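These numbers were taken from a predicted model, which means no experiment stands behind them.
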Amino acid sequence: MSARTTKGERRPNTVVARDLPEDAHVAYVTDAEGNLGYLRRVLSATRGVSFSASCDSASAAVCSERIILEENCFLVFGGDVVDKFTEDIQLVKILLQAHRDYPGRVFFILGNRDVNKLRFMSELDEQVKGTTIEVYWDSNAKSYASYLESKQLQDTKVNQLKWMLECTMGCAETFEFRRTELAKLSAEEHSTEVTDTQVLESFRKSVNPSHGDPWMLNFIERGQFALRLGPYLFVHGALLSRNVGKLPHSDEIVSDLDTWLAGFDSFLQTHIAAYRENPLFQEDGTRNGEAILDYVVPRGGHDRTIVYADYTVDGNATPLDSSVVAYLQQNSVSVVVSGHKPHGDCPTVIRHSLENGDSVIAITCDTSYSKFSSPDRRGNVFAAVECHFGHVEVHGELLSGVTHRYQLHWKKDAEFEPFSLIGRQLQDDSWVKTVLMKDPPDQPVVLAGKGEGFKMNIRELGVDETRAQLK
């Protein structure tokens with residue numbers, strides 16, 4: 001299997017850590033998963049961000065609109081950009097355009113749904129048998145042979161791709177979503193006019209270094225596993241005792257945060273550069289990029305992954321580990337911002353109180369399973385997250401249509417009720433999630449939630465009642 005030549009854009013140097021100016025703020029959105037409408041909804045509700053009506057290019061396949069950032073605004077996309085709706089290509093290209101327009105101010109945190117697309121080039125190569133692919137990270141995954149038998153299908157690359165999407169990537173509808181998007185971008189009236197082969201080639205070309213527009217590879221190449229902006233640390237998954245300070249290849253804890261992040265970037269750049277040289281399986285069965293593919297699966301990176309990790313047990317949030325709090329304190333990080341794990345129709349906040357009364361905070365913002373009955377599984381739900389120099393502002397709309405809003409302060413002197421209750425755990429193990437915007441405004445109502453799998457059991461409480469039930 002021959003090496004491939006490389007074309008297209010090359011990866012620029014990545015900023016892994018920088019200070020946040022006092023007059024600046026970060027617009028954060030995560031887990032859009034192919035839903036451009038969700039990205040618009042979140043960013044349009046975020047100060048300092050707007051959308052232009054069109055791009056310089058006349059082709060909708062290149063970019064249909066542009067993100068506009070005001071001078072003091074940064075943008076962090078938190079990972080999982082594709083898979084669950086009909087606008088993967090458009091969404092990625094709009095984000096890539098913003099990355100070009102605002103160098104050093106737009107950042108992509110890589111999620112498992114992003115990096116695992118590098119599998120397409122090697123595993124869908126004509127010389128590779130689908131039956132030889134092992135899904136070692138998921139013992140419950142249906143094998144390719146069983147998939148073909150259960151659906152009475154022939155062994156073809158199209159069917160292998162459908163198996164990969166459904167049984168190894170958790171996105172059974174993505175093949176047809178891509179057909180719909182290709183039809184739209186080519187101005188076809190009916191998605192059935194796009195052939196199975198065209199859909200297959202779309203997935204392969206998206207990460208093919210020799211193709212003129214490997215848009216998904218370009219996104220991955222410009223991404224990173226973690227980013228520090230001032231007192232904020234952005235990751236896709238979570239910081240846990242088993243991964244904090246650890247690089248994929250070592251159990252040693254890197255005590256300095258910025259050095260740790262630089263190590264991640266070196267790891268990522270090295271393996272992407274090798275992938276660009278040859279993305280196919282080699283004669284000995286190995287492939288370039290395998291280390292980063294392994295890092296984003298369950299228990300990946302020798303169980304050190306910060307990508308496929310979350311703060312929940314049986315669907316409910318758990319307190320931050322003391323080793324994580326100590327590491328963050330040591331490195332002057334007050335807030336960890338992440339996505340990855342769906343947790344109801346608004347972000348979940350976990351607040352750890354320090355001895356001096358200040359807090360270390362984790363906020364996890366994936367709301368992608370808010371409404372299973374909706375085609376995009378979100379419905380009207382959104383949450384705009386703005387990270388300012390001394391506080392976080394969150395506001396949005398719940399599935400019920402009720403708006404919610406709060407501020408998070410990590411300095412004791414800046415806190416005030418009811419916002420100081422956000423992120424506290426109650427005696428029934430539920431967590432205070434947000435403040436509802438209801439009348440009368442002088443009698444605030446908070447929303448508490450306890451997760452159970454992907455279900456969120458919620459209840460409304462007054463401030464006094466909440467305070468009385470704190471753990």
Side-chain angles (χ1 to χ4, degrees), residues 14-20 26 28 30 76 78-79 107 109-112 224-268 295-296 298-313 317-341 347-365 385 387 389-392 408-412 423-425 431:
T14 302
V15 175
V16 296
R18 61 163 293 173
D19 293 334
L20 186 67
V26 181
Y28 177 79
T30 189
V76 174
F107 303 93
I109 305 301
L110 295 176
N112 48 293
Q224 52 205 101
F225 287 132
L227 166 72
R228 180 184 65 77
L229 292 177
Y232 297 95
L233 177 62
F234 298 89
V235 300
H236 180 65
L239 292 192
L240 307 170
S241 59
R242 67 174 182 265
N243 62 28
V244 65
K246 298 178 183 179
L247 291 168
H249 53 273
S250 173
D251 213 36
E252 178 184 353
I253 295 178
V254 181
S255 59
D256 179 71
L257 173 63
D258 292 358
T259 303
W260 185 37
L261 302 190
F264 272 129
D265 198 56
S266 176
F267 166 73
L268 184 62
Y295 189 69
V296 303
R299 300 170 301 282
H302 304 281
D303 209 17
R304 304 183 191 108
T305 178
I306 62 171
V307 178
Y308 210 106
D310 64 82
Y311 297 106
T312 68
V313 174
T318 57
L320 296 178
D321 189 87
S322 59
S323 63
V324 173
V325 173
Y327 189 87
L328 297 174
Q329 278 190 278
Q330 174 186 324
N331 286 282
S332 302
V333 171
S334 299
V335 183
V336 181
V337 188
S338 66
H340 180 61
K341 179 75 171 184
T348 289
V349 178
I350 303 171
R351 185 191 296 265
H352 180 96
S353 296
L354 303 174
E355 291 183 1
N356 65 359
D358 294 345
S359 298
V360 171
I361 295 169
I363 176 170
T364 178
C365 306
V385 179
C387 301
F389 186 77
H391 68 280
V392 183
L408 292 174
H409 295 264
W410 51 88
K411 290 292 186 182
K412 177 184 178 182
R424 308 286 186 187
Q425 192 170 24
W431 294 81

K.L.:
Any side-chain heavy atom of Val16 within less than 4.5 Å of one from Asp258?
P.N.:
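They are not in contact (no side-chain heavy atoms under 4.5 Å apart), so the answer is no.
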K.L.:
Apply the ring-ring contact (aromatic ring centres under 6.0 Å, His included) test between Tyr28 and each candidate in Phe234, Phe107, Tyr232; give the one that qualifies.
P.N.:
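By the ring-ring contact (aromatic ring centres under 6.0 Å, His included) criterion, Tyr28 pairs with just one of Phe234, Phe107, Tyr232: Phe234.
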K.L.:
Calculate, to the nearest 0.5 Å, the distance between atoms CG and OG1 belonging to Leu240 and Thr318 respectively.
P.N.:
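One gets 7.5 Å once the value is rounded to the nearest 0.5 Å.
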K.L.:
Using a 3.5 Å distance criterion without hydrogens, assess whether the side chain of Gln425 forms a donor-acceptor pair with backbone atoms of Pro319.
P.N.:
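No; zero donor-acceptor contacts below 3.5 Å.
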K.L.:
Could you work out, with ring-ring contact (aromatic ring centres under 6.0 Å, His included) as the rule, every residue matching Tyr311, not counting sequence neighbours?
P.N.:
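Testing Tyr311 for ring-ring contact (aromatic ring centres under 6.0 Å, His included), a comparison that skips the adjacent residues, returns none.
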K.L.:
How long is the span from the OG atom in Ser334 to the NE2 atom in His409, to the nearest 0.5 Å?
P.N.:
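Reported to 0.5 Å precision, the distance equals 12.5 Å.
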K.L.:
Pair Val360, Val324 - check side chain to side chain contact (heavy atoms under 4.5 Å, CB included), show working.
P.N.:
CA-CA 10 Å; Val360 171; Val324 173; over 6 Å; no
K.L.:
With rounding to the nearest 0.5 angstrom, report the CG to CZ distance, Asp321 to Arg242.
P.N.:
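Reported value, rounded in 0.5 Å steps: 10.5 Å.
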K.L.:
Name all residues meeting the side-chain hydrogen bond (donor to acceptor under 3.5 Å, both in side chains) criterion together with Ser241; count only those two or more places apart in sequence or in a different chain, and write none if there are none.
P.N.:
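Per chain and number, Ser241 pairs via side-chain hydrogen bond (donor to acceptor under 3.5 Å, both in side chains) with no residue.
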K.L.:
If you measure from NE2 on His391 to CD1 on Ile361, what distance do you get to the nearest 0.5 Å?
P.N.:
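His391 NE2 to Ile361 CD1: 11.5 Å, rounded to 0.5 Å.
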K.L.:
State, yes or no, whether a side-chain contact exists between Tyr327 and Leu257 at a heavy-atom distance under 4.5 Å.
P.N.:
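The answer is yes, as the side chains (C-beta and beyond) meet within the 4.5 Å cut-off.
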K.L.:
Checking side-chain polar atoms at under 3.5 Å, does Asp251 have a donor or acceptor matched by the opposite partner on His302?
P.N.:
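Distance-only check fails for Asp251 and His302.
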K.L.:
Any side-chain to backbone donor/acceptor pair from Gln224 onto Val15? Under 3.5 Å, distance only.
P.N.:
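Indeed, once roles are kept as given, a pair shorter than 3.5 Å links the two residues.
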K.L.:
Decide ring pair (Phe, Tyr, Trp, His ring centres under 6.0 Å) for His236 and Phe225; before the verdict, give the C-alpha distance in whole Å, the side-chain angles of both, and the deciding distance to 0.1 Å.
P.N.:
CA-CA 7 Å; His236 180 65; Phe225 287 132; 10.0 Å; no
K.L.:
Any salt bridge between Asp358 and Lys412, counting N to O under 4.0 Å?
P.N.:
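Salt bridge absent between Asp358 and Lys412.
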K.L.:
Taking atom NE2 of His352 and atom CG of Leu320, what is their separation to the nearest 0.5 Å?
P.N.:
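Between His352 NE2 and Leu320 CG, I get 7.5 Å after rounding to 0.5 Å.
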K.L.:
Checking Ser353 side chain against Ser359 main chain: does a donor-acceptor pair fall under 3.5 Å?
P.N.:
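Absent.
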K.L.:
Which one of Val335, Val337, Leu229, Val76 satisfies the side-chain contact (heavy atoms from CB on, under 4.5 Å) criterion with Cys387?
P.N.:
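It is Val337; the other options fail the test.
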K.L.:
Output yes when a side-chain donor or acceptor of Thr305 lies under 3.5 Å from a complementary backbone atom of Arg299, and no otherwise.
P.N.:
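Absent.
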K.L.:
Can you find a pair of side-chain heavy atoms, one from Leu247 and one from Trp260, that are under 4.5 Å apart?
P.N.:
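Yes. Closest side-chain heavy atoms under 4.5 Å.
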K.L.:
Which heavy atom in Ile109 sits nearest to a heavy atom in Ala226, and how many Å separate them?
P.N.:
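Heavy atoms only, the tightest pair is CD1-C, 4.2 Å.
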K.L.:
Quick one: do Leu110 and Leu268 satisfy side chain to side chain contact (heavy atoms under 4.5 Å, CB included)? Show the steps, please.
P.N.:
CA-CA 10 Å; Leu110 295 176; Leu268 184 62; 3.7 Å; yes
K.L.:
Could you tell me whether a side-chain N or O of Arg228 sits under 3.5 Å from a main-chain N or O of Gly230, the two making a donor and an acceptor?
P.N.:
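Flag set: sc Arg228 to bb Gly230 pair under 3.5 Å.
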K.L.:
Kindly assign one of parallel, tilted or perpendicular to the pair Phe264 and Tyr295, based on the angle between their ring planes and the thresholds 30° and 60°.
P.N.:
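It falls in the tilted class, 30° to 60°.
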K.L.:
Knowing that exactly one of Thr364, Asn112, Thr30 qualifies, which makes a side-chain hydrogen bond (donor to acceptor under 3.5 Å, both in side chains) with His340?
P.N.:
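Passing option: Asn112.
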K.L.:
Keeping the roles fixed (side chain from Trp431, backbone from Ala317), state whether a donor-acceptor pair exists under 3.5 Å.
P.N.:
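Indeed, once roles are kept as given, a pair shorter than 3.5 Å links the two residues.
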K.L.:
Do the side-chain N and O atoms of Ser250 and Arg304 include a donor-acceptor pair separated by under 3.5 angstrom?
P.N.:
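Looking only at side-chain atoms, Arg304 and Ser250 do not form any donor-acceptor pair under 3.5 Å.
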K.L.:
Would you check if the side chain of Asn331 reaches a backbone N or O of Asp256 as a donor-acceptor pair within less than 3.5 Å?
P.N.:
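No: the side chain of Asn331 does not pair with the backbone of Asp256.
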K.L.:
Can you tell me how far CG of Asp265 sits from CG of Leu227, rounded to the nearest 0.5 angstrom?
P.N.:
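Answer for the CG-CG pair, Leu227 versus Asp265, is 10.5 Å.
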K.L.:
I'd like to know if the side chain of Asn243 and the backbone of Ala238 have a donor-acceptor N/O pair within less than 3.5 Å.
P.N.:
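A pair under 3.5 Å: yes.
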